[in-house]
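Proteins get letters first, then strands, A, B, ... in listed order; numbering begins at 1 in each. Since the model is a prediction, treat every value here as computed from it, not as a measurement.
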Amino acid sequence: MNKIAPELIAELKEKKEPEKGLPPLEIKGALVMRFAPNPNGPPTLGSARGIVVNSEYTKKYNGKLIIRFDDTDPATKRPMLEAYTWYLEDCEWLGAKPDEVVIASDRIPEYYEVAEELIRRGGAYVCFCEQEVFKALKDEKKACQHRNEKPQKNLESWKKMLEGEYKEQEAVLRIKTDIAHKDPAIRDWVAFRIIKTPHPRPEVGDKYCVWPLLDFEGAVEDHLLGTTLIIRGKDLTDSETRQRYVYKYMGWTYPETMHWGRVQIHEFGKLSTSGIKKAIAEGQYSGWDDPRLPTIRAIKRRGILPEALRKFMLDLGLGETDISLSLDTLYAENRKIIDPVANRYFFVWDPVELEVEDAEPKIAKAPIHPTRGGLREIPAGTTVYITGNDAESLKIGERLRLKDLYNIEVTDISPLKVKFIGTDMDLVKKEKARIIHWAPLDGLKVRVLSPEREFIGVGERGMEKEVDKVVQFERFGFVRIDSVNGDEVVAYFTHK
RNA sequence: GCUCCGAUAGUGUAGCACGGCCAAUCAUGUCAGACUCUCACUCUGACGACUGGGGUUCAAAUCCCCAUCGGAGCACCA
């Protein structure tokens with residue numbers, strides 16, 4: 001078929017492809033998209049969705065991808081200096097290298113300019129109300145006394161704000177919307193507030209004491225960057241209505257928008273960046289790449305490949321429903337990529353020594369990979385290690401095979417005694433005997449870190465050459481060899 | 001309380017804009033079997049869903065209304 005009509009096969013494939021993944025876009029002009037995280041921690045699986053979806057669309061439609069750091073809160077969600085780099089690294093790892101990098105805290109003067117223009121046009125005013133007072137008025141659809149101040153007066157107050165004459169909480173700049181808007185979330189929102197905590201970036205430091213809030217910063221940036229399509233979480237749906245007021249005052253065109261629902265992952269539950277930060281400081285996690293964490297760094301360290309993560313994220317599509325998923329699907333994607341290339345090794349956890357009566361030392365020859373061919377050699381003495389749970393399951397009289405080595409029969413269980421009974425595969429073929437794996441006495445010390453527990457045991461030699469590669473420990477699962485120190489190997493569990 | 005949004009198998013998703021071809025797609029999962037010197041991979045088969053109720057229509061997963069459930073916003077967080 002392939003030979004006779006290759007174009008038919010190509011056609012078949014093409015027809016099936018659009019079914020999956022992201023919905024097609026109707027693009028009018030050039031496509032400019034941005035991914036806008038707050039670098040107050042490293043990117044997580046949640047961020048990955050944003051990174052992947054934005055990059056996929058810009059790739060597909062030949063658009064431009066921008067990463068914009070929305071780091072305009074030096075206090076409550078204080079940015080983390082390392083995280084800026086981590087985001088760039090992880091984006092690149094995910095195959096989403098941005099065409100442009102923008103840092104909001106570098107562009108404060110431009111936001112000030114827009115603010116000033118808005119005040120002049122009567123679209124913004126400085127409000128001195130206490131929070132509770134304003135909220136009470138707002139809930140009643142009533143304007144406060146500052147709302148009708150003349151632009152000139154507002155400009156003066158604004159200048160004073162910038163010069164640091166007011167304390168935190170004393171004044172804010174509000175965008176004038178519709179104080180009687182049926183949705184209370186829209187009524188005269190805050191665009192700038194006073195924060196006297198210096199920004200963590202040394203380039204910025206204490207240069208500014210008036211900081212924009214996300215809705216304002218994002219509104220201005222999306223215009224300055226020429227963003228044509230915004231995809232963001234549905235928690236930000238109201239942002240659009242709010243931001244449109246700014247666009248209307250300034251005469252700008254608002255980008256197209258799309259939203260997706262909240263993603264929750266069973267295995268991780270509800271972990272917030274700030275919560276993780278605290279737990280790491282307390283020593284509950286070894287760091288941001290602890291295998292129990294939903295960060296991209298952790299996923300990477302565990303041996304999940306970027307291609308698998310991309311596919312996983314793209315297959316979610318763009319629904320507004322909140323979804324709660326399990327990592328099984330991600331693991332299945334990853335396994336498809338890894339299984340054909342991962343070399344096989346023996347690793348025995350919770351090891352138990354097994355002395356084989358009547359056995360002769362032998363060099364076992366086992367395939368490096370079940371289909372790819374090639375053999376590895378494992379020298380076995382008359383005593384080997386087997387895993388604790390295999391040892392416990394043995395019964396007197398049971399005949400079984402040590403994989404790629406020889407057959408044994410259990411003669412006693414306490415203490416455990418076995419004897420050599422030959423090398424013939426017929427035992428397995430005819431008697432359907434079990435096959436268990438083993439490790440040599442002089443093997444490597446291996447530690448496997450998994451989200452559930454830490455496995456300590458012995459592994460065959462050879463795996464020490466696979467640093468940074470994903471291999472399969474037979475009858476255990478896939479792992480990524482993380483580091484080797486002399487005769488000690490540390491591996492991270494990938495998945496079954 | 002006010003305002004938005006959503007609802008397809010265990011999970012995720014396609015189909016819904018233009019009703020019929022939907023006894024509903026694909027993936028994952030679970031179970032069974034085949035293959036295999038791994039409990040991996042591969043292959044075969046089975047399981048499993050249109051939230052409920054009304055309405056419109058010859059015909060509704062698809063359109064309308066109500067109910068229920070779920071989520072989000074109403075911050076000087078992002």
Participant: Calculate the interatomic distance between A:D139 atom CG and B:rG73 atom P; express it in whole Å.
Facilitator: 17 Å

Participant: Could you classify B:rA17 for me, syn or anti, using a glycosidic angle within 90° of 0 as syn?
Facilitator: syn

Participant: Nearest to the side chain of A:L316, heavy atoms from C-beta on, is which of B:rC76, B:rG12, B:rU28?
Facilitator: B:rG12

Participant: Looking at A:R302 and A:E267, does any basic side-chain N land under 4.0 Å from a carboxylate oxygen?
Facilitator: no

Participant: Rounded to whole angstrom, note down the C1' distance from B:rU57 over to B:rG10.
Facilitator: 36 Å

Participant: Whole-Å distance between B:rU30 C1' and A:Y331 OH?
Facilitator: 19 Å

Participant: Find the distance A:H495:NE2 to B:rU28:P and express it as a whole number of Å.
Facilitator: 13 Å

Participant: Hey, can you tell me if A:Y247 and A:H223 have their rings parallel, tilted or perpendicular (30° and 60° cut-offs)?
Facilitator: perpendicular

Participant: How long is the line joining CG of A:N38 and C1' of B:rA78, in whole Å?
Facilitator: 6 Å

Participant: Going by the rule salt bridge (Lys or Arg N to Asp or Glu O under 4.0 Å), which residues pair with A:E256 if we only count those two or more places apart in sequence or in a different chain?
Facilitator: A:K28

Participant: Which residues in residues 184-195 of chain A have a heavy atom closer than 4.0 Å to any atom of RNA chain B?
Facilitator: A:P184, A:A185, A:V190, A:R193

Participant: Side-chain N or O of A:T72 less than 4.0 angstrom from OP1 or OP2 on B:rA78?
Facilitator: yes

Participant: In dot-bracket form, how is RNA chain B paired, counting a Watson-Crick or G-U wobble pair only if both its distances are under 3.5 Å and using | for bases paired to another strand?
Facilitator: (((((((..(((.......[.....)))((((((.......))))))...(((((..]....))))))))))))....

Participant: Would A:D73 and A:N38 count as a side chain to side chain contact (heavy atoms under 4.5 Å, CB included) here? Give the steps.
Facilitator: CA-CA 9 Å; A:D73 177 7; A:N38 173 16; 5.6 Å; no

Participant: With a 4.0 Å cut-off on N to O distance, would you call A:K430 and A:D426 a salt bridge?
Facilitator: yes

Participant: Would the A:H437 and A:W349 ring centres measure less than 6.0 Å apart?
Facilitator: yes

Participant: Taking only the C1' atom of each, what is the distance from B:rG29 to B:rA59 in whole angstrom?
Facilitator: 36 Å

Participant: Could you state the CD-C1' distance from A:E320 to B:rC16, rounded to the nearest angstrom?
Facilitator: 15 Å

Participant: What interatomic distance, in whole Å, is found between C1' of B:rC47 and the corresponding atom of B:rU28?
Facilitator: 14 Å

Participant: Considering every strand and a 4.0 Å limit on heavy-atom distances, what is the contact class for A:C129: base, sugar-phosphate, or nothing?
Facilitator: base

Participant: Run the ring-ring contact (aromatic ring centres under 6.0 Å, His included) test on A:Y125 and A:H146 for me, step by step, so that the C-alpha distance in whole Å, both residues' side-chain angles and the decisive distance to 0.1 Å come before the verdict.
Facilitator: CA-CA 7 Å; A:Y125 60 97; A:H146 312 105; 7.6 Å; no

Participant: Rounding to an integer number of angstrom, what distance separates B:rA60 and B:rG19 when you compare their C1' atoms?
Facilitator: 6 Å

Participant: Can you label the angle between the A:F35 ring and the A:Y87 ring as parallel, tilted or perpendicular, going by 30° and 60°?
Facilitator: tilted

Participant: Among residues 230-238 of chain A, which ones have heavy-atom contacts with RNA chain B below 4.0 Å?
Facilitator: A:K234, A:D235, A:L236, A:D238

Participant: Indicate yes or no: does A:R344 engage A:D339 in a salt bridge with an N to O separation below 4.0 Å.
Facilitator: yes

Participant: How far, in whole Å, is B:rC63 from B:rC5 if one measures between their P atoms?
Facilitator: 15 Å

Participant: For B:rC76 and A:K167 - does any side-chain N or O of the residue sit under 4.0 Å from the phosphate oxygens OP1/OP2?
Facilitator: no

Participant: Taking atom P in both B:rA40 and B:rC69, what distance in whole Å separates the two?
Facilitator: 43 Å

Participant: Should the pair A:E221-A:R68 be classified as a salt bridge under the 4.0 Å nitrogen-to-oxygen rule?
Facilitator: no

Participant: Name the orientation class of the two ring planes belonging to A:Y112 and A:F192 (parallel below 30°, tilted from 30 to 60°, perpendicular beyond 60°).
Facilitator: tilted

Participant: B:rU28, B:rC74, B:rA78: which one has an atom nearest the side-chain heavy atoms of A:K138?
Facilitator: B:rC74

Participant: Check the distance between B:rC76's P and A:K77's NZ and give it to me in whole angstrom.
Facilitator: 14 Å

Participant: A cation-pi test, strictly: NZ or CZ of A:R453 under 6.0 Å from the centre of the six-membered ring of A:F455 and no more than 45 degrees from its axis. Yes or no?
Facilitator: yes

Participant: Does the side chain of A:M33 reach to within under 4.5 Å of the side chain of A:E56, using non-hydrogen atoms?
Facilitator: no

Participant: If the sugar-phosphate is the primed atoms plus P, OP1 and OP2 and the base is the rest, what is the B/S/- string for nucleotides 35-48 of chain B, using protein heavy atoms under 4.0 Å?
Facilitator: --BBBBS-------

Participant: How would you label the contact of A:T241 with the nucleic acid (heavy atoms, under 4.0 Å): base, sugar-phosphate, or nothing?
Facilitator: nothing

Participant: Reading RNA chain B from 5' onward, which residue's closest nucleotide shows up sooner: A:H181 or A:D328?
Facilitator: A:H181

Participant: List, one per line, each side-chain donor-acceptor pair under 3.5 Å for residues 162-174 of chain A, sequence neighbours excluded.
Facilitator:
from   : atom 1 : to     : atom 2 : distance (Å)
A:E168 : OE2    : A:K196 : N      : 2.6
A:E170 : OE1    : A:K167 : N      : 2.8
A:R174 : NH1    : A:D188 : O      : 2.9

Participant: Please give the distance between the C1' atoms of B:rC16 and B:rA61 as a whole number of Å.
Facilitator: 7 Å

Participant: Without decimals, in angstroms, what is the distance between A:E168 CD and B:rC77 P?
Facilitator: 9 Å

Participant: Looking at A:K311 and A:E307, is any side-chain nitrogen of the basic one under 4.0 Å from a carboxylate oxygen of the acidic one?
Facilitator: no

Participant: Distance check, C1' atoms only: B:rG55 and B:rA49, in whole angstrom units.
Facilitator: 24 Å

Participant: Between atom CZ in A:F69 and atom P in B:rC77, what is the gap in whole Å?
Facilitator: 21 Å

Participant: Going by an N to O cut-off under 4.0 Å, is there a salt bridge joining A:R434 and A:E398?
Facilitator: yes

Participant: Can you tell me which nucleotide in B:rG71, B:rA78, B:rU3 comes closest to the side chain of A:K182?
Facilitator: B:rU3

